[in-house]
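Below is one structure, written out as structure tokens; the observations come after it.
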Amino acid sequence: MPDGGLFIPLVVEVRRERSFFGVPHRLEPNLNLDAELIAEAHPVEPLSVVPDTSVREVFALMKAQKTGSVIICSDGKVAGIFTERDALNLMAQGASLDAPISEVMITTPATLHADDTVGTAVKRMSEGGYRRLPVVDGEGRCVSFLKVSGIIRYLIEHFPQTVYNLPPEPSQVMQTREGA
Amino acid sequence: MSTDTSLPVLKPADFASDQDVRWCPGCGDYSILAQMKKVLPTLGIPREKFVFISGIGCSSRFPYYMNTYGFHSIHGRAPAVATGVKTVRPDLSVWVITGDGDALSIGGNHLMHAIRRNLDVNIVLFNNRIYGLTKGQYSPTSPLGKVTKSTPMGSVDNPLHPLSVAIGCEATFVARTIDVNIKHLGSVLARAAEHKGTAFVEVYQNCNIFNNGAYDYATDRDTKAETTIELEHGKPLIFGKNRDKGIRLNGMEPEIVELGKGITEDDLLFHDEKLPEPSLAYLLSRMHYPQFPEPIGVFRAVDRPRYDVMVNEQIHAAIEKKGEGQLEKLFHAGDTWSVDAGEQQATELDADPGGRTPANPLEEAILQDDISALSPRPHPWVAPDTPISQVLEKLTESNVGCVLVMDGEELLGVFTERDALMKLNVDYAELKDHPVSEYMTPKPRTLGENDKIAFALHRMDVGGYRHLPILRDGKPTGIISIRDILKYMAQRLQA
Ligand code: SF4
């Protein structure tokens, strides 16, 4: 398969989204992951700390921000990543919390580039088994975080009725139409 | 409404029934009854063409006292009964007699729809601002602070203003009058009867037993000229004993001004009941004593197509085209189906949701594939009393993000790496001997292995879950994670 081969042949139906004012603002063929950039897949603001932040502080920060990962930046550039998985390992080892985060972070993490397509992101994440990837710009600065949940949402947005209009329990699916 | 002048001339007494009138002596209802009997003979309509329909309440006894057809119907439902009567018999003069409780509490919805349809009926609301029949509880028109049997410390319910409600429902005829202002009352009832479409009339009615004097300000000889203002089409709004005060518009707000001193009648607000937009009528309906004199008379009288006419036109057109219908045939026709109670199809999701064709292969796949296609991995589990330290070890050793907490075969909860970070955090060293049951996420949402993958997507995206325990015959067989979903979708995308 050629590079960027995640191309789904165009389906006849073209989804026409209307903006609030009734002007069509987007004509979107179905699922063309190689044309759309990762900005479409709901990247989130990264939580970043400097390398000498203590593990203790990072733990507290992650809890306070309810986030499962932090980016460690040095001179504005990505130096490493620390996730809840790494936190779990530290807890299991009974490690000290006073070390600087730079000692326990994952250095040279896999990243995405802001110009990458959603297709590239899907590939990198599913092949590498990542749940989130930092997105960097041309200068190596972390601009956002792409999470697997953002990609899932991006995909669902191509057929929202199919997912969002499901009943809360599968057993609730009616065999025949019911008014109420 | 048909007129027949060849009939003998009727007198008010011809409309009196043989029933004893059971209202309390001194009740305002008597005055309204008397005026109604006076007005009806002037309309040129034979007696058998009148129908009075009421709901429940003191005022709703009205039909008994009229020697016409009548229906003392269900609480709040007089407008519904009237809709039926008028639609089937458009030749009748239909009157709805109701009260503030019957029309605005119990029958609020029925009133609203009768008015918006512009059915050709006359609705007369006797507003005494109290529940009389049930002996003195506050009503939807009782003012704030009103002490009644059910509001011993004063009502805290913001009252409804019947005319504002009617105007909001797009009424084509709206008027207000007062029980003891009999000339005015008679003329307003006559105007209502003439109107083609829903005529809504509020009558200020004194309940001398439970709310005596509620309208004294508007009926007292000494004050009524200052507290009420009679609306006349095309005339300026002038009031006061000496007719020296008027209402002027200041921007969007009405204000009281004194005539003379440079202010002439031309500066005043002129009443126009025919305005296409109801804004003026609404503004007038918002003028309340004591800030303003309260307008009485016809606020609004405009023409609009009528429900009873349009429905009958449609019926005639349909009969002309298709012949007389048969209810039995209609009942068994077309789009019906039966639901077989015995056959509960638990997990079959229609692959064609809401009549849509799946837009792409991925959508089709998530609707057709069972969760078992994700091959849920058998998962480590722990007992509820397992200490945290052992649970953390298990998570790291088995390289998973989530363990099941099981009591025998029963799934009690899950404990995830997220739980570790969010709940244990920097205190994990002190908490390591605590049982996992204290920190697990109890009663997790689960899915069956034969449920469609679309449901897993729903749970994860809408519910924000990253792990879902999967059951077979009610027992956990494994877990799927959001990464499994991504892998599955990536494979389908590459296929
Ligand atoms: S309770 Fe009030 S409204 Fe009812 S009949 Fe008596 S006076 Fe009239």
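Numbered from 1 within each chain, the chains take letters A, B, ... in sequence-line order.
Residues B/Arg483 and A/Met125 fail the side-chain proximity criterion, which asks for heavy atoms closer than 4.5 Å. The shortest distance between side-chain heavy atoms of A/Leu155 and B/Leu493 falls below 4.5 Å. Side-chain contact between B/Leu421 and A/Leu88: absent, with no pair of heavy atoms (C-beta onward) separated by less than 4.5 Å. At least one side-chain heavy atom of B/Met489 sits under 4.5 Å from a side-chain heavy atom of A/Ile152. Within the 4.5 Å cutoff, no side-chain heavy atoms of A/Ser149 are placed close to those of B/Asp461. At least one side-chain heavy atom of B/Tyr428 sits less than 4.5 Å from a side-chain heavy atom of A/Leu97.
Scanning both residues, B/Lys487 and A/Ser126, for their nearest heavy atoms gives CA-CB, 4.2 Å. Residues A/Lys63 and B/Met422 approach most closely at CE-O, 3.1 Å, considering heavy atoms. Nearest heavy atom pair, residue B/Ala454 against residue A/Leu166, reads O-CD1, 3.4 Å. Here the closest non-hydrogen pair linking B/Glu363 and A/Phe159 is CD-CB, 3.2 Å. Nearest approach of B/His458 to A/Val163, heavy atoms of both residues: CD2-O, 2.9 Å. The minimum heavy-atom distance between A/Phe59 and B/Asn425, with the atom names listed, is O-ND2, 3.0 Å.
For B/Glu430, the CD atom counts as densely surrounded, since its 6.0 Å shell holds more than 12 non-hydrogen atoms of other residues, nucleotides or ligands. By the 6.0 Å contact criterion, CZ on B/Arg472 is open, its count of non-hydrogen atoms from other residues, nucleotides or ligands being 12 or less. In this structure, B/Asp473 places its CG atom where only 12 or fewer heavy-atom neighbours from other residues, nucleotides or ligands lie under 6.0 Å away.
Taking CE from A/Met91 and OG from B/Ser389, the interatomic distance works out to 13.0 Å, rounded to the nearest 0.5 Å.
Checking side-chain atoms of A/Arg85 against main-chain N and O of B/Val400 turns up a donor-acceptor pair under 3.5 Å.
The choice from B/Leu447, B/Leu457, B/Asp484, B/Leu424 that makes the most heavy-atom pairs within less than 4.5 Å of chain A is B/Leu457. Annotation: maximal heavy-atom pairing with chain A below 4.5 Å, among B/Lys394, B/Glu397, B/Arg459, occurs at B/Arg459.
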For a side chain to side chain contact (heavy atoms under 4.5 Å, CB included) check, start with the C-alpha distance between A/Val148 and B/Ile485, then their side-chain angles and the critical distance, and finish with the verdict. CA-CA 9 Å; A/Val148 61; B/Ile485 296 271; over 6 Å; no
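Taking non-hydrogen atoms and a 4.5 Å limit, the residue list of residues 67-84 of chain A in contact with chain B, ordered by number, reads A/Thr67, A/Gly68, A/Glu84. Within residues 42-50 of chain A, no residue has any heavy atom under 4.5 Å from a heavy atom of chain B.
At a 4.5 Å heavy-atom cutoff, the contact between B/Asn399 and chain A is made by backbone and side-chain atoms alike. B/Ala420 touches chain A through backbone and side chain together, each having a heavy atom under 4.5 Å away.
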